[in-house]
2 protein chains.
Amino acid sequence: MTADPALAAEGAASERIANQLRDAILAGDIGPGERIRQEEVAERLGTSRLPVREALRILEAEGLTEHTANKGARVPRLDPAELDVLYQMRERLEPLALTESLPHLSAGDVRQLHVLHERIAADTDLREFMVLDRAFHLGSYAGCASEQLGSSVTRLWNATQPYRRAFMALGGPQRRWIIDHEHRLLLDAIDRRDSVDAERYLAGHIRRTRIELAGHPEVFHPAPARRRSAPAVPLPTAAG
Amino acid sequence: MTADPALAAEGAASERIANQLRDAILAGDIGPGERIRQEEVAERLGTSRLPVREALRILEAEGLTEHTANKGARVPRLDPAELDVLYQMRERLEPLALTESLPHLSAGDVRQLHVLHERIAADTDLREFMVLDRAFHLGSYAGCASEQLGSSVTRLWNATQPYRRAFMALGGPQRRWIIDHEHRLLLDAIDRRDSVDAERYLAGHIRRTRIELAGHPEVFHPAPARRRSAPAVPLPTAAG
DNA sequence: AGGGTTGTTTATGGATCCAATAAGTGCCAG
DNA sequence: CTGGCACTTATTGGATCCATAAACAACCCT
């Protein structure tokens, strides 16, 4: 799994910009339904509009933005049915990624997963939780050698991220307890290198979230009235 | 499944170019390992290099080309392990697409599948077979409403296409018979709208192909020495 | 007064030009 | 004769400029 966007800091400018925009979307700074203007991004990053356009094409192909001719790009707003299918895709693909990854995970990798698991249980901040949870799951796929499988799984995580955040935001603490329990079962299976059990627990983990999500339609509506003028966290500027 | 590239003829120029390049790759006109020069494509399509660049970014995000800074794009050459994983992904995702599609398939859609099935059995030309087989399988997912699932399945088909062609090229007629048989079972299940059986037959169909492919390493090597222009005789330099 | 129309504004799409980098080639020295 | 080095060339990456289409608003006509 070399497809982690955060790691690809170097490379062509269009990819760097794509990574920054992707991070902004995943962090919730841009949010579903919101528009992305080329000029604004170009100006903020201190570059021309051209690499921004390429970056938007990349994100479009990843499903993170949708493009209309002469109308520009915006973050798509998923409907419940589409999100449900995305979760079913995760339910089938991520266990495969885990099985592919398990034999190649080093002892240090597994140790790192334990560390993340403990930090998740300890932490309560939502933003931090999103980062740690992502690191935990994607970290468990770190041994997966397949480029395509890795990028597919990452894409699914990215596409579902905004709604996962909205879902976590409205639950009580017991939601954390359930997740902690499921993560523990998963970790045990990983410790034993038991891919059958690991697949089962992982699929169940995703499936339960999917079912619960189906019962919370408010996750889709919020559209938290983001202001254009005052982005809570400005895009990372082109730090020289 | 609105992601079929062949249907998206209109739209921005970058997408049109991406579609044309995609078709060329899928038809085998470009082939794994071969390079794609922006200027050549731009000249051939009578446009500037700029939309070609965007098109290449799109194809890169789809996994159909790989991009290196200042070195350009080329069609990636998959190794056997990667192809095997791609087939495992198909094995898990395409049954889901079929289950999502089945309830929404019209009687006319199913009838069209029967027509394709008969044409596949009758035809013997390889190039034609590749087109029909693709139309048959992707046609069975036509009822799938999910944008993301449709595009993912299409991507997997595209990525594996060159090797599927090489595989079909070296087999005898009995390979066609087996495929015909498996397609018939699949069609029966579709006729009965039996998603459980349909998933089973489809997964088996893909799985058998994967296993057989693993026993034919020559599929990867051939690289049929595509030359852009017969370099047997080195060009006289500085022909002015 | 309301709706349709037209002009203005704004943002995207495309083309040409220039800079930077990698590969290929020829030359020179050992 | 061979290996290394510098130069040339070809190709990609980026920026600026211009054309085009959509959104918006004011205005006129009914």
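Owing to the predicted nature of the structure, the values given are computational and were not obtained by experimental measurement.
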When the side chains of residues 66-73 of chain A are checked against the rest of the protein, which donor-acceptor pairs come out under 3.5 Å, sequence neighbours left out?
none

Quiz prompt | Sequence-aligned protein contact record of nucleotides 13-19 of chain D, with B where the base is within under 4.0 Å of a protein heavy atom and S where only the sugar-phosphate is | solution = BBBB---
Quiz prompt | Under-4.0 Å salt bridge between A:Glu15 and B:Arg57 | solution =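 Here A:Glu15 pairs with B:Arg57 in a salt bridge, since their nearest N and O are under 4.0 Å apart.
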Quiz prompt | Heavy-atom closest pair, residues A:Leu98 and A:Ser140 | solution =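 Minimum heavy-atom separation between A:Leu98 and A:Ser140: CD1-O, 3.6 Å.
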Roughly how many Å is it from [atom1] in [X] to [atom2] in [N], rounded to a whole number?
{"X": "B:Leu45", "N": "C:dG13", "atom1": "CG", "atom2": "C1'", "result": "17 Å"}
{"X": "B:Arg16", "N": "C:dG13", "atom1": "CZ", "atom2": "C1'", "result": "12 Å"}
{"X": "B:Arg74", "N": "D:dT11", "atom1": "CZ", "atom2": "P", "result": "13 Å"}

Quiz item: With a non-hydrogen cut-off below 4.0 angstrom, is A:Ile17 in contact with a base, only sugar-phosphate, or nothing?
Solution: nothing
Quiz item: Would you say B:Arg165 has more than 12 foreign heavy atoms packed within less than 6.0 Å of its CZ?
Solution: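 Count over threshold, so yes.
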Quiz item: Yes or no on salt bridge (charged side-chain N to carboxylate O under 4.0 Å, His left out) for A:Arg119 and A:Asp125, after CA distance, side-chain angles and deciding distance?
Solution: CA-CA 11 Å; A:Arg119 286 182 59 192; A:Asp125 178 53; over 6 Å; no
Exercise. Report yes if some heavy atom in the side chain of A:Arg90 is under 4.5 Å from a heavy atom in the side chain of A:Leu86; otherwise report no.
Key: no
